[in-house]
Amino acid sequence: MMTMPARRTAALLACAAFGFASSAFAQDKSIKIGVLNDMSSLYADIGGPNSVAAVKMAVEDSGLKAKGWTIEVLSGDHQNKPDIGVNIARQWIDADKVDAIADTPSSGVALAVSNLVKEKNSVLLNSGAATADLTGKACTPNTVSFTYDTYMLANGTGKALTKAGGDSWFFLTADYAFGHALERDTSAVVTATGGKVLGGVKHPLNTADFSSFLLQAQSSKAKIIGLANAGGDTTNAIKQAAEFGIVSGGQKLAALLLFINDVHSLGLKTAQGLTFTESFYWDLNDQTREWSKRFQKVSPKGSMPSMTVAGLYAEILHYLKAMEALGGNPHDGAKVVAKMKELPTDDPLFGKGPLRQDGRRLIPAYLFEVKKPEESKGPWDYYKLVATIAPEDAAKPLKDSDCPLVKK
């Protein structure tokens, strides 16, 4: 049996150990962030090296380096393959002691990495992946999504076009998690708004030939052909649809996910009239213009930022704000994300808005239309604003959420 003096000594040692641990945590001001995305394929222009540049901008703008923090940024190419993405993330977390994985376009990769991050108690800062499942049925205490999701895209573009008379739809869908989620969410909005879905066809990711898929869409006689894809798949489908005379024949293309880099690649002559939904445009206001012109100077290709690149910048700023509020790096992903949800978000690109318990940040969305060539006043002047979608309408209501973190 332990004597009274021995118990006192043990208690003192325990307190000392706790104090040492707390002091060590408070002094640990080192952070590693891994930017995981498509660096070389169909989504490379949307994010790729531009995402890395945006993260480095956020690190500098946070001011933490001047306060004695050491912040390292790594990058990796997941090639749009979940197994490769998970292998890189696992290596980063286990061997390189990376604290947060960032960006993750390609929903299949993001869902797989989200599971790993939960298992390892790290952090996933998603800006690139669109599937609403990341803040829905697949939500975890370690993942946040800042920029957009398939619910937002469906309730922006899908609802607007159906209300405007486009009440019959046919989908060209990328055959993986993102495409499936986008078709699912848009179909639900179309039917709820009084429209009909006449059919759809799945196409392989990063395909070069859309001819057979477009012929099926054309023969469906649907008023709207919904492109439930992104990046190079979207631009290829739009170019080939023009060759088939689909739009001149009376059908309308709905680019359910379109980025400014896609419009730049297509050119206004081909892209004019496309209607789509985004949560960011460089020319929205004085603050977005100022930041975007700064970004363009560090962009590897001298391009304006996509929505996901802008969202990633804002997300990293908020992540670093949470780290500073904690007083040091706890190397506890769930604890960091909880602090991110506790602190109000506020940045020059998206303004203020809560980060909800499901990990979804509430921000406005915008319905845009691509300008005609004669309407553009200069380089990158591509969009005209059709409507603003309130934050509470751009995200799935918590009362309808299937995220297990949501307390109803």
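Reckoned from all heavy atoms, side chains included, excluding hydrogens, waters and symmetry mates. Throughout, residue positions are numbered sequentially from 1 according to the sequence presented.
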Between D83 and K81, does any side-chain N to carboxylate O distance fall below 4.0 Å?
no
Smallest heavy-atom separation, S211 atom then F244 atom, equals CB-CZ, 3.5 Å
Is there a side-chain contact between D347 and H318, using heavy atoms and a 4.5 Å cut-off?
no
Do S265 and K239 make a side-chain contact, defined as non-hydrogen atoms from C-beta onward lying under 4.5 Å apart?
yes
Is a salt bridge present between D94 and K120, judged by a nitrogen-to-oxygen distance below 4.0 Å?
yes
Are R294 and D61 ion-paired here, with the side-chain N under 4.0 Å from a carboxylate O?
yes
What are the two closest non-hydrogen atoms of A394 and I363, and how far apart are they?
CB-O, 3.9 Å
Any side-chain heavy-atom pair from N155 and I389 closer than 4.5 angstrom?
no
Decide side-chain hydrogen bond (donor to acceptor under 3.5 Å, both in side chains) for T135 and S145; before the verdict, give the C-alpha distance in whole Å, the side-chain angles of both, and the deciding distance to 0.1 Å.
CA-CA 7 Å; T135 53; S145 289; 5.4 Å; no
With the threshold set at 4.0 Å, does a side-chain nitrogen-carboxylate oxygen contact exist between E342 and K339?
yes
With a 6.0 Å cut-off on ring centres, are F295 and W282 close enough?
no
Starting at NZ of K97, measure out to CD of E72 and round the result to the nearest 0.5 Å.
14.0 Å
Could you walk me through whether F178 and T150 pass side chain to side chain contact (heavy atoms under 4.5 Å, CB included), step by step?
CA-CA 8 Å; F178 154 66; T150 51; 4.3 Å; yes
If we ignore hydrogens and angles and just use 3.5 Å, is the side chain of D381 paired with the main-chain N or O of K377 as donor and acceptor?
yes
Ion pair R360/D149, N-O distance below 4.0 Å
yes
To the nearest 0.5 Å, what is the distance between NZ on K196 and CG on D167?
8.5 Å
Quick one: closest heavy-atom pair of I260 and S306, and the distance?
CG2-CA, 4.1 Å
Please check if the distance between the ring centroids of Y281 and Y366 is under 6.0 Å.
no
Would you call I101 and L124 a side-chain contact if the rule is heavy atoms closer than 4.5 Å?
yes
So does V190 get a backbone contact from the side chain of T162, meaning a donor-acceptor N/O pair under 3.5 Å?
no
Please determine if R361 and E315 form a salt bridge, counting it only when a charged side-chain N lies under 4.0 Å from a carboxylate O.
no
Could you give me the CA-CA distance, side-chain angles and deciding distance for V117 and T140, then say whether side chain to side chain contact (heavy atoms under 4.5 Å, CB included) is met?
CA-CA 9 Å; V117 160; T140 83; 5.7 Å; no
Looking at D133 and R184, is any side-chain nitrogen of the basic one under 4.0 Å from a carboxylate oxygen of the acidic one?
yes
Test of understanding: with ring pair (Phe, Tyr, Trp, His ring centres under 6.0 Å), list the residues that count as partners of F210, not counting sequence neighbours.
H203
For H180, the option from T131, D175, D185 that meets side chain to side chain donor-acceptor pair (under 3.5 Å):
D175
Check: P373 main-chain N/O paired with S376 side-chain donor or acceptor under 3.5 Å:
no
Give me the atom names and distance for the closest heavy-atom approach of A230 to L257.
CB-CD2, 3.8 Å
Using distance alone, with no hydrogens and no angle criterion, decide if N126 and T104 have a side-chain donor and acceptor under 3.5 Å apart.
yes
Where P330 and V336 come nearest, the two heavy atoms and their spacing
CG-CG2, 3.8 Å
Answer yes or no: are there more than 12 heavy-atom neighbours, outside K371 itself, under 6.0 Å from its atom NZ?
yes
List the atom of S279, the atom of F350, and the distance in Å for their closest heavy-atom pair.
O-CE2, 3.4 Å
Side-chain atoms of residues 33-52: list all donor-acceptor pairs with protein atoms under 3.5 Å, sequence neighbours left out, distances to 0.1 Å.
unit_1, atom_1, unit_2, atom_2, d
N37, ND2, G48, O, 3.2
N37, ND2, D103, OD2, 2.9
D38, OD1, S40, N, 3.0
D38, OD1, S41, N, 2.7
D38, OD2, L42, N, 3.3
D38, OD2, Y43, N, 2.9
D38, OD2, N80, ND2, 2.8
S40, OG, D77, OD2, 2.8
S41, OG, N206, ND2, 3.2
Y43, OH, Y176, OH, 2.8
D45, OD1, K301, NZ, 2.8
N50, OD1, S299, OG, 2.8
N50, ND2, S303, OG, 2.9
S51, OG, D103, OD2, 2.7

Decide side-chain hydrogen bond (donor to acceptor under 3.5 Å, both in side chains) for D28 and S30; before the verdict, give the C-alpha distance in whole Å, the side-chain angles of both, and the deciding distance to 0.1 Å.
CA-CA 6 Å; D28 186 356; S30 61; 2.9 Å; yes
I'd like to know if the side chain of S114 and the backbone of L111 have a donor-acceptor N/O pair within less than 3.5 Å.
no
Is any NZ, NE, NH1 or NH2 atom of the basic residue among R289 and D283 found under 4.0 Å from an Asp or Glu carboxylate oxygen of the other?
yes
Is the closest side-chain heavy-atom distance between K67 and E324 below 4.5 Å?
yes
Angle between ring planes, Y148 versus F259, binned at 30° and 60°: parallel, tilted or perpendicular?
perpendicular
Going by heavy atoms in the side chains, are K202 and E183 under 4.5 Å from each other?
yes
Under the 3.5 angstrom rule, does the side chain of Q218 hit a backbone N or O of G249 as a donor-acceptor pair?
no
Between N121 and A334 (side chain of the first, backbone of the second, donor and acceptor by atom type, cut-off under 3.5 Å), is there such a pair?
yes
Got a sec, which residues hit side chain to side chain donor-acceptor pair (under 3.5 Å) with S106, two or more places apart in sequence or on another chain?
none
Rounded distance (nearest 0.5 Å) linking atom CD1 of I225 with atom CH2 of W169:
10.5 Å
Start with the C-alpha distance between T157 and T277, add both sets of side-chain angles, then the distance that settles side-chain hydrogen bond (donor to acceptor under 3.5 Å, both in side chains), and finish with yes or no.
CA-CA 6 Å; T157 312; T277 304; 2.7 Å; yes
Side chain of K321, backbone of P344: donor and acceptor closer than 3.5 Å?
yes
Candidate pair T147 and S127, rule side-chain hydrogen bond (donor to acceptor under 3.5 Å, both in side chains), full reasoning:
CA-CA 5 Å; T147 313; S127 182; 2.7 Å; yes
Sidechain-backbone polar pair: N236 side chain, G232 backbone, donor-acceptor under 3.5 Å
yes
Please check: side-chain N/O of S248 versus main-chain N/O of G245, any donor-acceptor pairing under 3.5 Å?
yes
In Å and rounded to the nearest 0.5 Å, what is the CG to CD distance from L349 to E290?
9.5 Å
Which label fits Y383 and F276: parallel for a plane angle under 30°, tilted from 30 to 60°, or perpendicular past 60°?
perpendicular
Any donor-acceptor N/O pair, K32 side chain to D96 backbone, under 3.5 Å:
yes
Any side-chain heavy-atom pair from E119 and I93 closer than 4.5 angstrom?
no
Test item: F280 and P305 side chains (from C-beta on) under 4.5 Å apart, heavy atoms:
yes
